Colleague: 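Mind looking over this structure? Questions follow.
Chain naming here is simple, since letters A, B, ... match the order of the sequence lines and numbering starts at 1 in each. Please read all numbers here as calculations on a predicted model, not as lab measurements.
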There are 2 protein chains.
Amino acid sequence: MKRDLSTEEKIKAAAKKVFMNKGFDGCSVRDIAKEVGSNVALLNYYFRSKEKLFELIFEGAMSDFLQSMIEVFSSELSLKEKTTLLIEKEFDFFMEHPELPMFILQAIHQNKGEHPMPSHFFEPISKTGIFQQLEAAQANGEMRHISLRNVTILLMSNVHYPFMSKKLTQQFHGIDETTLQQDLLAHKSYVKEMLINYLFPQNPKQ
Amino acid sequence: MKRDLSTEEKIKAAAKKVFMNKGFDGCSVRDIAKEVGSNVALLNYYFRSKEKLFELIFEGAMSDFLQSMIEVFSSELSLKEKTTLLIEKEFDFFMEHPELPMFILQAIHQNKGEHPMPSHFFEPISKTGIFQQLEAAQANGEMRHISLRNVTILLMSNVHYPFMSKKLTQQFHGIDETTLQQDLLAHKSYVKEMLINYLFPQNPKQ
DNA sequence: TAAAAAATTAAACACTTGTTTAAATTTTGG
DNA sequence: CCAAAATTTAAACAAGTGTTTAATTTTTTA
């Protein structure tokens with residue numbers, strides 16, 4: 001009765017790897033089976049279908065994707081400190097998992113897998129009280145008056161995109177992985193300085 | 001002997017639409033044929049294969065993608081003015097073609113289509129003399145000392161990403177297309193102010 | 001207008017797709 | 001140890017894939 005989970009986990013790991021590299025449409029279940037080193041039917045034995053397997057991988061990825069956000073927002077820091085820490089943490093995380101932003105955005109863009117989204121992912125973040133803190137900081141004069149949504153766009157743009165565009169950047173400038181890695185580290189500190197200066201100006205406007 | 005180009009163009013238009021929406025792997029040639037309202041064999045009659053057709057679409061998209069850059073760089077303006085103008089133009093362009101950034105980055109990410117890239121796209125930009133202008137502006141003290149590559153990453157992040165993440169943003173915040181459109185317009189002016197302030201500071205560092 | 005060329009089609013090709021079936025193997029529990 | 005359950009496999013399934021062929025229709029041109 002007791003089932004050995006190692007096979008199930010091996011399939012998930014293989015599926016994650018293949019899905020990340022080729023996308024849902026870009027791979028077949030046989031590609032994944034080959035990566036596992038087993039039969040195709042085994043995938044449907046553990047997970048009911050290719051789609052269900054993908055949804056599982058997607059949810060895990062999404063969870064990782066939002067992890068730093070919740071961690072940082074839950075801490076007892078000023079908004080300025082939280083912003084710095086968030087950029088720091090997200091950057092370090094995506095340095096280790098550079099494929100994640102593209103995977104997430106592509107899946108959502110093409111509506112692969114069921115995305116509960118609205119409340120399912122929004123609520124945990126809302127519960128950290130970050131929104132109230134933002135309003136308070138803006139009322140304070142500590143922070144520039146920008147909507148939460150626009151702050152989000154600014155942050156995500158500067159943190160996610162550089163990893164999504166890795167290949168484009170490499171091909172465009174004709175540089176190798178190591179050089180790009182250095183550029184990304186430089187980008188991190190630029191973004192920290194630029195965003196902090198902009199969002200928390202010395203002489204706040206309005 | 002004179003061939004009517006309208007069919008060929010109709011196929012290209014349909015292919016562009018379908019490829020943009022579903023990606024190379026996400027669609028079949030029959031999907032495209034259905035969009036055209038014709039037979040599958042016709043696609044291979046005009047273009048030799050699905051892949052060749054995709055490469056054509058990709059190259060056109062890439063050309064559009066870099067168009068504003070070359071236009072602005074070729075003008076007779078200061079670097080600061082060029083930066084403002086570039087953000088302005090790219091934004092307006094992507095407002096009209098929001099799917100483009102995701103299409104390009106996804107194609108490159110998954111190595112769909114042959115990407116000549118290195119010189120083929122880099123050279124025309126290099127020929128505008130923008131690199132010399134950048135070095136001069138930095139020697140001047142007019143501009144912050146940031147490598148060309150990092151300037152590129154900063155600009156692209158803030159201009160491309162917001163369009164790539166449209167669906168994510170909408171689902172995340174639970175907003176409709178019109179509201180997002182307004183956010184994007186706001187983002188444009190934020191980015192202009194933020195980037196200009198950062199790249200061309202009043203009291204330049206170093 | 002009639003022969004030649006071009007455009008369009010339906011049908012078939014060989015192959016891959018995700019999934020299912022049923023048999024074989026391994027593991028488990030009494 | 002041995003039946004029962006769980007796991008793994010090979011094989012087959014129907015449907016979909018990109019591409020090609022050959023026939024048909026339309027257009028061109030002389």
Colleague: Kindly write out the residues that satisfy side-chain contact (heavy atoms from CB on, under 4.5 Å) with A:Lys80, not counting sequence neighbours, or none if the list is empty.
Modeller: A:Ser78, A:Glu142, A:Ile196, A:Phe200
Colleague: How close or far is atom P of C:dA7 from atom CD of B:Glu9, stated in whole angstroms?
Modeller: 13 Å
Colleague: Going by the salt bridge (charged side-chain N to carboxylate O under 4.0 Å, His left out) test, which pairs reach into residues 32-47 of chain B, not counting sequence neighbours?
Modeller: B:Lys17-B:Glu35
Colleague: With a 4.0 Å cutoff (strictly under), does any side-chain N or O of B:Thr7 reach OP1 or OP2 of C:dT8?
Modeller: yes
Colleague: List the atom pairs, donor and acceptor, that lie under 3.5 Å between side-chain atoms in residues 128-136 of chain B and the rest of the protein, sequence neighbours left out.
Modeller:
residue, atom, partner, partner atom, Å
B:Thr128, OG1, B:Ile125, O, 2.6
B:Thr128, OG1, B:Ile130, N, 3.4
B:Gln133, OE1, B:Lys82, NZ, 2.7
B:Gln133, NE2, B:Leu77, O, 2.8

Colleague: Kindly write out the residues that satisfy side-chain contact (heavy atoms from CB on, under 4.5 Å) with B:Asp176, not counting sequence neighbours, or none if the list is empty.
Modeller: B:Thr178, B:Thr179
Colleague: With sequence neighbours excluded, give me every salt bridge (charged side-chain N to carboxylate O under 4.0 Å, His left out) pair touching residues 40-50 of chain B.
Modeller: none
Colleague: Could you work out, with ring pair (Phe, Tyr, Trp, His ring centres under 6.0 Å) as the rule, every residue matching B:Phe91, not counting sequence neighbours?
Modeller: B:Phe163, B:His187
Colleague: Check whether any side-chain N or O of A:Tyr46 sits under 4.0 Å from OP1 or OP2 of D:dT8, and answer yes or no.
Modeller: yes
Colleague: By side chain to side chain donor-acceptor pair (under 3.5 Å), which residues pair with A:Asp92, not counting sequence neighbours?
Modeller: A:Lys188
Colleague: Within this structure, what is the OH-to-C1' distance between A:Tyr45 and C:dA24, rounded to whole angstrom?
Modeller: 14 Å
Colleague: Are there over 12 heavy-atom neighbours, none belonging to A:Lys22, within less than 6.0 Å of that residue's NZ?
Modeller: no
Colleague: Contact list please: residues 35-44 of chain A against DNA chain D, heavy atoms, distance less than 4.0 Å, in numerical order.
Modeller: A:Ser38, A:Asn39, A:Ala41, A:Leu42
Colleague: For DNA chain D, which residues of residues 22-33 of chain A approach it to below 4.0 angstrom with any heavy atom?
Modeller: A:Arg30
Colleague: Per the salt bridge (charged side-chain N to carboxylate O under 4.0 Å, His left out) rule, what does the pair list look like for residues 161-174 of chain B, sequence neighbours excluded?
Modeller: B:Lys166-B:Glu177
Colleague: Can you give me the bend angle of the helix from C:dT1-D:dA30 to C:dG30-D:dC1? Use the axis through the first five pairs and the one through the last five, nearest 10 degrees.
Modeller: 10°
Colleague: Just jot down the side-chain contact (heavy atoms from CB on, under 4.5 Å) partners of B:Thr152, sequence neighbours excluded, or say none.
Modeller: A:His173, B:Leu148, B:Met156
Colleague: Measure NZ/B:Lys50 against P/C:dC15 and give the value in whole Å, please.
Modeller: 19 Å
Colleague: In terms of relative ring orientation, are B:His160 and B:Phe65 parallel, tilted or perpendicular, with 30° and 60° separating the classes?
Modeller: tilted
Colleague: To the nearest angstrom, how far is B:Phe47 atom CZ from D:dT20 atom P?
Modeller: 16 Å
